[in-house]
2 protein chains.
Amino acid sequence: MPAPTSRRELNKAATREAIADATLAFLRAKSLSEFTVDDVAAAAGVSRRTFFNYFSSVEAAVASFTQNYLDTVIAELESRPADEPILESAGHALSAVDSAADLAMLAETFALTQDPQLGRFQLQAWEECSSKIADVARHRLPPATNELYIQALVGAVVGSCKAAFGVWFQEHGSDISPASLAHLRELLGTTISLVRNGFNN
Amino acid sequence: MPAPTSRRELNKAATREAIADATLAFLRAKSLSEFTVDDVAAAAGVSRRTFFNYFSSVEAAVASFTQNYLDTVIAELESRPADEPILESAGHALSAVDSAADLAMLAETFALTQDPQLGRFQLQAWEECSSKIADVARHRLPPATNELYIQALVGAVVGSCKAAFGVWFQEHGSDISPASLAHLRELLGTTISLVRNGFNN
DNA sequence: TGCAAGTTTGCACTGAATGCAAGTTAAGGT
DNA sequence: ACCTTAACTTGCATTCAGTGCAAACTTGCA
């Protein structure tokens, strides 16, 4: 991936990250209603107006972390061989993304989901993810594949894996130790195979 | 269900419905940014402040339709015999709710989902639905059942059925004819059996 | 009838979100 | 190095969302 890295791009990316980070920092300390966009903008060293040039709300700023994580998984999925069974690819893609940073973020976003105001935006990130995965699936499955099959498959995979992450988070909180990660991978593996082989065991 | 129907309750329910209906009426004609809460409140014959006593936003008001539909399905699910296999119960519950009014609403909410601002709230309705179904499942499945199994199952069922509704809507739009409804039921049936028997056919 | 509890409303206030125009900064050609 | 152009940032002004509060009004009940 030859990043089209002009100076402008770099600045934008840095600003974007600064804003998102500042937002997250506030959320670690306070709830949504206890700080304002002005606070975040100031902390990120940027004007209020610039904040809104990057994100349409504080909620959207936090959701960017989840989006990043999910996009990474999707990139991983796309890089799998095209003839691999798609559920197997999914399993590998999920296992491949396990850097501490990524997963710590994901765990944190699960914690944030407790606030429905933030949860909405997280859900939307997953939804967008679903539609991107559906695109990938459409290209990988035989061309004549039923649209229902594709969409139901993606819905089931994403829905159940999200649930698996939820179970993991409920048990381990923000614990990112190797043991915890191994458990996560096991949960995801089990889930994928349930989807593959059916829930009627 | 002995409705605890005092006069107060009736008034509240009527007001709530009036507000939700007025909101929907505006959305049929205009997009979110083209009218205000004041407009809706006026149309519902209620003050702006009262609108907010019932719903925290226009988006939440529309989402109430989806919530109602999903709650109906859940009630149906709960009324199934406790020893019926749970995926079978799910299939029956989905088929049972097929009044034209309910499904027309559902189709409409799918159309509205195009606006992400509204979509977020719809997603949240589905999410709440998932957690309610998980409660039901926890009571129906053997007590020792793995939490992962429960959550993954519910995630898969809800995720794939939502997808099935999406496919149906994409093909039929707001067509509520018997033929269209038959097709919907077929799509849902196929989806449930995919979840039951696995996507790896 | 009359009191207690539940509801509606208006008012006031904070802060989100967006358009616009003026100021800054980077990119690329000369 | 200089200038032009396009991209980006900022401040300002405006509209409207959302909430707390207190005063009016309804309903439930003794």
Side-chain angles (χ1 to χ4, degrees), chain A residues 2-24 26-27 29-64 112 115-121 124, chain B residues 2-24 26-27 29-64 112 115-121 124:
Chain A
T5 293
S6 74
R7 180 147 193 177
R8 277 220 157 98
E9 304 286 336
L10 286 176
N11 284 343
K12 278 192 81 163
T15 305
R16 193 180 173 79
E17 203 187 326
I19 293 175
D21 287 346
T23 305
L24 188 58
F26 271 98
L27 275 171
K30 313 175 146 191
S31 83
L32 253 189
S33 53
E34 295 171 323
F35 63 97
T36 71
V37 171
D38 288 275
D39 297 331
V40 176
V46 106
S47 79
R48 169 191 176 74
R49 194 61 183 81
T50 296
F51 176 101
F52 283 114
N53 285 344
Y54 282 86
F55 299 103
S56 64
S57 65
V58 165
E59 296 91 318
V62 227
S64 72
L112 296 176
D115 181 340
Q117 195 108 27
L118 291 172
R120 284 193 258 291
F121 284 75
Q124 207 152 36
Chain B
T5 293
S6 73
R7 181 149 192 175
R8 276 216 161 101
E9 304 286 335
L10 287 177
N11 285 344
K12 279 193 82 162
T15 305
R16 193 181 174 80
E17 203 188 326
I19 293 175
D21 287 346
T23 304
L24 187 58
F26 272 98
L27 275 172
K30 314 175 144 189
S31 83
L32 251 188
S33 53
E34 294 171 324
F35 63 97
T36 71
V37 172
D38 287 275
D39 297 331
V40 177
V46 106
S47 77
R48 168 194 172 73
R49 194 60 183 79
T50 296
F51 177 101
F52 284 113
N53 284 345
Y54 282 85
F55 299 104
S56 64
S57 66
V58 165
E59 295 92 317
V62 228
S64 71
L112 295 175
D115 181 341
Q117 195 108 27
L118 291 172
R120 284 193 259 290
F121 284 76
Q124 207 152 35

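Computed from heavy atoms alone, side chains included, the values below leave out hydrogens, waters and symmetry copies.
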So Ser64(B) and Tyr54(B), side chain to side chain contact (heavy atoms under 4.5 Å, CB included) or not? Walk me through it. CA-CA 11 Å; Ser64(B) 71; Tyr54(B) 282 85; over 6 Å; no
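- The minimum heavy-atom distance between Phe26(A) and Ala43(A), with the atom names listed, is CE1-CB, 3.6 Å.
- We find that CD of Glu34(A) is positioned 14 Å from P of dA16(C), with the value rounded to whole Å.
- A side-chain donor from one of Asn53(B) and Arg49(B) sits under 3.5 Å from a side-chain acceptor of the other.
- Considering only side-chain N and O atoms, Thr50(B) lies nowhere under 4.0 angstrom from the phosphate OP1 or OP2 of dT8(C).
- Of all the heavy atoms in Pro116(A) and Gln124(B), the pair that sits closest is O-NE2, 2.9 Å.
- In this structure, Asp39(A) contributes its side chain and Thr36(A) its backbone to a donor-acceptor pair below 3.5 Å.
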Heavy-atom contacts, protein to nucleotides 12-21 of chain D, under 4.0 Å, summarised as B (base), S (sugar-phosphate only) or - (none) per nt, yield B---SBBBBB
Dot-bracket for DNA chain D, 5' to 3', counting Watson-Crick or G-U wobble pairs under 3.5 Å, with [ ] for crossing pairs and | for inter-strand pairs? ||||||||||||||||||||||||||||||
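- Screening Gln117(A), Arg120(A), Glu59(A) against Arg120(B) for a side-chain contact (heavy atoms from CB on, under 4.5 Å) leaves a single residue, Arg120(A).
- Checked by atom type and distance alone, the side chain of Thr50(B) never pairs as donor or acceptor with a backbone atom of Val46(B) at under 3.5 Å.
- The side chain of Lys12(A) places no N or O atom within less than 4.0 Å of a non-bridging phosphate oxygen (OP1 or OP2) of dA7(D).
- One atom, CG of Asp39(A), and another, P of dT14(C), lie 15 Å apart when rounded to the nearest Å.
- Looking only at distances, no side-chain donor or acceptor of Glu17(B) sits under 3.5 Å from a matching main-chain atom of Ala14(B).
- Residues Phe55(A) and Ala61(A) come closest through the heavy atom pair CD2-CA, 3.6 Å.
- Listed pair Tyr54(A) / dC8(D) fails the phosphate criterion, with no side-chain N or O lying under 4.0 Å from OP1 or OP2.
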Just by protein heavy atoms under 4.0 Å, how would nucleotides 22-30 of chain D read 5' to 3' in B, S and -? ----BBS--
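- Shown here for Val40(A) and Phe51(A), the closest heavy-atom pair between the two residues is CG1-CE1, 3.8 Å.
- Side-chain atoms of Glu9(B) never come within 3.5 Å of backbone atoms of Ser6(B) as a donor-acceptor pair (strictly under, hydrogens ignored).
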